[in-house]
Visitor: 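Handing you a structure now.
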Amino acid sequence: MSQHPLLDGLNDKQQQAVSNDDSHLLVLAGAGSGKTRVLVHRIAWLIQQRQFSPYSILAVTFTNKAAAEMRGRVERLLGSNVRSMWIGTFHGLAHRLLRAHYMDVGLPQNFQIIDSDDQQRLIKRLIKSLNLDDKRWPAKQSQWYINGKKDEGLRPQHIDTYDPTEQTLKQIYQLYQESCDRAGLVDFAELLLRAHELLRDNRTVREHYQRRFRHLLVDEFQDTNSIQYAWVRLLAGEQNSVTIVGDDDQSIYGWRGARVENIQQFLDDFAGAKTIRLEQNYRSTAAILNAANAVIANNSDRLGKELWTDGDDGEPIALYAAFNEMEEARYIVSQIMAWQEQGNAYQDAAILYRSNAQSRVLEEALLHQRIPYRIYGGLRFFERQEIKDALAYLRLLANRDDDAAIERVINTPSRGIGNRTMDMIRQTARDRQLSLWDAANLMVSEAMLSGRAKNAVASFIELATRLDDHTIDFSLGRIADEMIKQSGLLAMYEAEKGEKAETRVENLKELVSACENFNLDDTEQEQMTPLAAFLAHAALEAGEEQADEYQDAVQLMTLHSAKGLEFPLVFMAGVEEGLFPSQQSMDEPGRLAEERRLCYVGMTRAMQKLVLTYAEQRRIYGQEHFHTVSRFVREMPADSVYEVRAQATPTKTESYGRFHHSVSHETFEQTGFSLGQRVRHQKFGEGTVLNYEGSGPQSRIQINFDNVGSKWLVVAYARLEPAGF
DNA sequence: TATACCTGGATTTTT
DNA sequence: TCCAGGTATA
């Protein structure tokens, strides 16, 4: 069967996908079906077997991590570097195009990328400058509107509306765009839109790239938005072949503009496209796959796919009903402890949840038992306040017209330029169509400011100019070092006390060494100055999340960020109506279907064991909520799920529905204990009251002890005492 | 200009 | 409930 080494060890479908000839190709790759492997082998196949130069291949991913991994794996497979191959994120590649053709798209050579935080601040200021009530026009909403329009490929002039609300939004969009253009600023959506316009409107450029890229490969295609898809179509032209890999069942980013429909659209637009389904799963047990298949089967409009494995059934899925979120957390932690005692590593266990707010209780429970853990999705390096301050100074050096950067640092650290002064500068800038930098200069030289303010602004201008002199012949690391010292940023954070301030000082120093170690060659942006390249790198790759405190740690993350990962043991916490599916998505069928896909994604992360937990009572934003188990759990086949704990069966709660919530807070008249309460036993340690029966001196109480499991005890003899968390 | 208080908002995330 | 961001106050 193995005609070629690159096909070795691949199943039939995978081989077909790897060795597919020139026709367009859709690979519908189910979870755990070896998708990345196929993509990597296909690229290697094109180069090695079909003799395409790496130069003629373009591969697109959604994250830098995926791009780096893919390049690494292709190189390892081929045993040679493929530097001339373009591989990167949509944004990274668009950026590359814009740098190479900045003149054609009307951008200054030193244009800067702003992240969504910068974007929001900028919009907020513009709303103020339009004298709009910022309560009625929240910056967030306008930002959402602007990015949405850009993702659809629409400029303000394309928007025709009689809706007064939208007219105002359009006006904000218009002003925002003018401000960005004047300052040489490009947001994330703008990268894509402008690169698209470049290819669409400039025939020479378009044909150049169409001639170059004979093979386009797009990963995670279900996550593409309109403009990204339009981009792919333009580059594909008439003669190049396109391979897209994706899974409609794992489309979980519709809320940020991703269009699953693009997959179907691809089949319509690219004649003769072949579809190959990868349905054999190499990750999970049959029990998990059967349940996942059953859940996702409730969605309509699927392209259709059913995962299977030739491996074992494995353990059934466990379902645990907790009284509240604290007890849920304790149960999960007790299970992790048991699992670790059986010789497993903490890092092989993951706790997944729908919303970040859920992590807190879980953390407390882990902390309580001294179990190391790691939370994904915190602030990343280049997003930290002190780093953004420093980057703003660097941006100012690269581009004096960068208004967003000036706004951020002109009074950081404070040098006596308050709101009044700033308002005057902003006003001047607006009146005379100048950047803030030029306006500030003008006001100083024309004595338009009072003595104290004038001196303050002049000293800032002097600082920036002095720093700028250094950029001429200093290395990047030296520039950064001078910058944090001379600007007073370092001193400012050094003067603050507390652990937080210490970390900030460390981070600033870390930034300097990042600048020192920054290797221009790695960026493939040779035509840029080191400073500009570094800034682009900082904007496009927000960097690592906080450093791991422990090597071997339990992994905590949202269901969304778990996509693409796998763990032997997976807990899905909070599988409750109202939380998962979330309340907001319950009314709209489309959004509910997306929640279901999220459930499918979560379940298919588990390799050996999947545990679902929910809390009948949960505190959300300070309010108690009563929830029933998620509909998704009810969609799983009964024989693949087993309930870990039988429900307590109190007598007087029938009217409260299936899950008898009302009893949770009631104290048993005779015992003085209540369901869900924490108690301590001399011998067994701490545990949670699960159930009780009988009355008077004979009454017995069931307790789930953290360390020894569940036991029935006679209340009269057990000598239980209440315990805290 | 720094600090104390108050208000409102609160899935999900990458670039 | 908790956080950030804005406003009021010294």
Side-chain angles (χ1 to χ4, degrees), chain A residues 60-67 88-96 113-121 124 128 134-135 138-141 144 147 150-151 186-193 195 219-220 223-225 227-228 251-258 325 352-361 376-380 382-383 385 411-421 452 456 496 536-543 545 557-564 574 576 578-586 591-592 594-595 597-599 601-602 618-625:
Chain A
V60 196
T61 62
F62 273 84
T63 64
N64 293 297
K65 201 173 147 204
T89 62
F90 276 105
H91 293 86
L93 298 169
H95 173 243
R96 204 168 165 177
I113 303 166
I114 53 170
D115 66 16
S116 32
D117 189 55
D118 300 327
Q119 185 187 36
Q120 197 178 320
R121 287 160 181 264
K124 188 173 252 171
K128 233 177 227 161
D134 55 1
K135 293 252 158 63
K140 249 194 162 161
Q141 182 204 6
W144 180 262
N147 290 337
K150 288 191 178 187
D151 284 348
V186 171
D187 61 53
F188 289 131
E190 183 73 19
L191 284 170
L192 302 174
L193 177 51
D219 193 15
E220 304 279 18
D223 292 338
T224 51
N225 63 29
I227 199 80
Q228 288 162 338
S251 163
I252 56 175
Y253 287 114
W255 53 273
R256 63 172 200 209
E325 72 275 18
L352 313 183
Y353 36 80
R354 178 65 241 266
S355 87
N356 287 306
Q358 289 171 256
S359 71
R360 196 196 193 105
V361 186
Y376 282 73
L379 254 198
R380 284 169 314 167
F382 288 114
E383 290 168 354
Q385 179 192 301
N411 200 34
T412 311
S414 81
R415 39 176 82 85
I417 303 175
N419 239 327
R420 284 175 62 106
T421 313
R452 223 177 47 180
E496 278 179 31
H537 163 78
L540 289 173
E541 307 190 31
E545 291 152 20
M557 68 193 81
T558 61
L559 287 154
H560 280 90
S561 37
K563 196 173 88 160
E576 299 146 37
L579 189 63
F580 188 37
S582 76
Q583 195 63 48
Q584 297 96 315
S585 56
M586 302 241 260
R591 309 198 59 193
L592 182 66
E594 183 155 306
E595 294 280 301
R597 293 194 289 267
L598 190 55
C599 181
V601 166
R618 182 182 296 273
R619 217 185 169 87
I620 300 172
Y621 304 139
Q623 288 222 301
E624 297 292 348
H625 290 259

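In what follows, every chain begins at residue 1, and chains take the letters A, B, ... in the order their sequences are listed. All of these numbers come straight from a predicted model, not from anything done at the bench.
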Visitor: Contact class for Phe580(A) (heavy atom, under 4.0 Å): base, sugar-phosphate, or nothing?
Guide: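 Since no nucleic acid heavy atom lies under 4.0 Å of Phe580(A), the category is nothing.
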Visitor: Nearest whole Å is fine: how far is dT14(B) P from Tyr376(A) OH?
Guide: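 One finds 12 Å between P of dT14(B) and OH of Tyr376(A), rounded.
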Visitor: Is there a side-chain contact between Glu220(A) and Thr63(A), using heavy atoms and a 4.5 Å cut-off?
Guide: no
Visitor: Check whether the side chain of Ser116(A) and the base of dT15(B) form a donor-acceptor pair under 3.5 Å.
Guide: yes
Visitor: For Ser355(A) and Gly416(A), find the nucleotide of DNA chain B closest to each by heavy atoms; which residue's nucleotide sits nearer the 5' end?
Guide: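 Here Gly416(A) is the residue nearer the 5' end.
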Visitor: Can you check nucleotides 4-6 of chain C for protein contacts, nitrogen or oxygen pairs under 3.5 Å, and list what you find?
Guide:
residue	atom	partner	partner atom	Å
dG6(C)	OP1	Lys124(A)	NZ	3.3

Visitor: Apply the syn/anti split at 90° from 0 to dT12(B) and say which one it is.
Guide: anti
Visitor: Does the distance from a Lys or Arg side-chain N to an Asp or Glu carboxylate O, for Arg591(A) and Glu594(A), drop under 4.0 Å?
Guide: no
Visitor: Nearest whole angstrom, please: distance from the C1' of dT14(B) to the CG of Asp223(A).
Guide: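 Taking atom C1' of dT14(B) as the reference, CG of Asp223(A) is at 10 Å.
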Visitor: Measure from the ring centre of Phe62(A) to the centre of the six-membered ring in the base of dT14(B), then say whether that distance is under 5.5 Å and the planes meet at under 30°.
Guide: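 Aromatic stack with dT14(B) absent for Phe62(A).
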Visitor: Tell me which of Glu595(A) and Asn411(A) sits closer to the 5' end of DNA chain B, going by the nucleotide each one is nearest to.
Guide: Asn411(A)
Visitor: Test Arg618(A) against every option in Glu624(A), Glu576(A), Glu325(A) by the salt bridge (charged side-chain N to carboxylate O under 4.0 Å, His left out) rule and name the one that passes.
Guide: Glu576(A)
Visitor: With a 4.0 Å limit, can you tell me whether Asn64(A) has a side-chain N or O closer than that to the phosphate oxygens OP1/OP2 of dT15(B)?
Guide: yes
Visitor: Check every atom of dT15(B), dT13(B), dC3(C) against the side chain of Thr89(A) and return the nucleotide holding the closest atom.
Guide: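 Selected nucleotide: dT15(B).
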Visitor: Let's see if you can work this out: which of dT1(C), dT13(B), dT11(B) has an atom nearest to the side-chain heavy atoms of Arg619(A)?
Guide: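 From the listed options, dT1(C) comes nearest.
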Visitor: Please report the distance, rounded to the nearest Å, between CH2 in Trp144(A) and P in dT15(B).
Guide: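 Nearest whole value for this atom pair: 17 Å.
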Visitor: With centres under 5.5 Å and planes under 30°, do Tyr621(A) and dT1(C) count as stacked?
Guide: no
Visitor: Can you name the side-chain contact (heavy atoms from CB on, under 4.5 Å) partners of Ala536(A), sequence neighbours left out?
Guide: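 In terms of side-chain contact (heavy atoms from CB on, under 4.5 Å), with neighbours along the sequence ignored, Ala536(A) is linked to His95(A), Ile113(A), Met528(A).
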Visitor: Could you check whether the rings of Phe188(A) and His91(A) sit parallel, tilted or perpendicular, using 30° and 60° as the cut-offs?
Guide: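 Perpendicular.
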Visitor: Is there a side-chain contact between Leu352(A) and Met557(A), using heavy atoms and a 4.5 Å cut-off?
Guide: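 Leu352(A) vs Met557(A): side chains touch.
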Visitor: Once you round it to whole Å, what is the distance between C1' of dT12(B) and CD1 of Ile252(A)?
Guide: 8 Å
Visitor: Can you tell me the distance, in whole Å, between the NZ atom of Lys150(A) and the P atom of dT15(B)?
Guide: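 It works out to 19 Å between those atoms.
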Visitor: Using atom NE2 of His625(A) as one end and atom C1' of dT1(C) as the other, report the distance to the nearest whole Å.
Guide: 11 Å
Visitor: If you compare every side-chain N and O of Thr558(A) against the phosphate oxygens of dT11(B) (OP1, OP2), does one of them come in below 4.0 Å?
Guide: no
Visitor: Once you apply a heavy-atom cut-off of 4.0 Å, does Arg360(A) come out as touching a base, just sugar-phosphate, or nothing?
Guide: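 Answer is sugar-phosphate: Arg360(A) comes under 4.0 Å of backbone atoms only.
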Visitor: Is there a side-chain polar atom (N or O) of Asn356(A) under 4.0 Å from OP1 or OP2 of dT12(B)?
Guide: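 Indeed, a polar side-chain atom of Asn356(A) lies that close.
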Visitor: Under 4.0 Å between a Lys/Arg side-chain N and an Asp/Glu carboxylate O for Arg380(A) and Asp115(A)?
Guide: no
Visitor: Could you tell me the separation between the CG atom of Leu192(A) and the C1' atom of dT14(B), rounded to a whole number of Å?
Guide: 11 Å
Visitor: Would you please confirm or rule out a distance under 4.0 Å between OP1 or OP2 of dT1(B) and any side-chain N or O of Asn419(A)?
Guide: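 False: Asn419(A) side-chain N/O out of range (4.0 Å or more) of dT1(B) OP1/OP2.
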Visitor: What's the closest nucleotide to the side chain of Arg380(A) if the choices are dT1(B), dT11(B), dT14(B)?
Guide: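 In terms of side-chain proximity for Arg380(A), the closest of dT1(B), dT11(B), dT14(B) is dT14(B).
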Visitor: Within a strict 4.5 Å, meaning less than it, do heavy atoms of the Thr558(A) and Tyr353(A) side chains meet?
Guide: yes
Visitor: Calculate the interatomic distance between Leu352(A) atom CG and dT12(B) atom C1'; express it in whole Å.
Guide: 13 Å
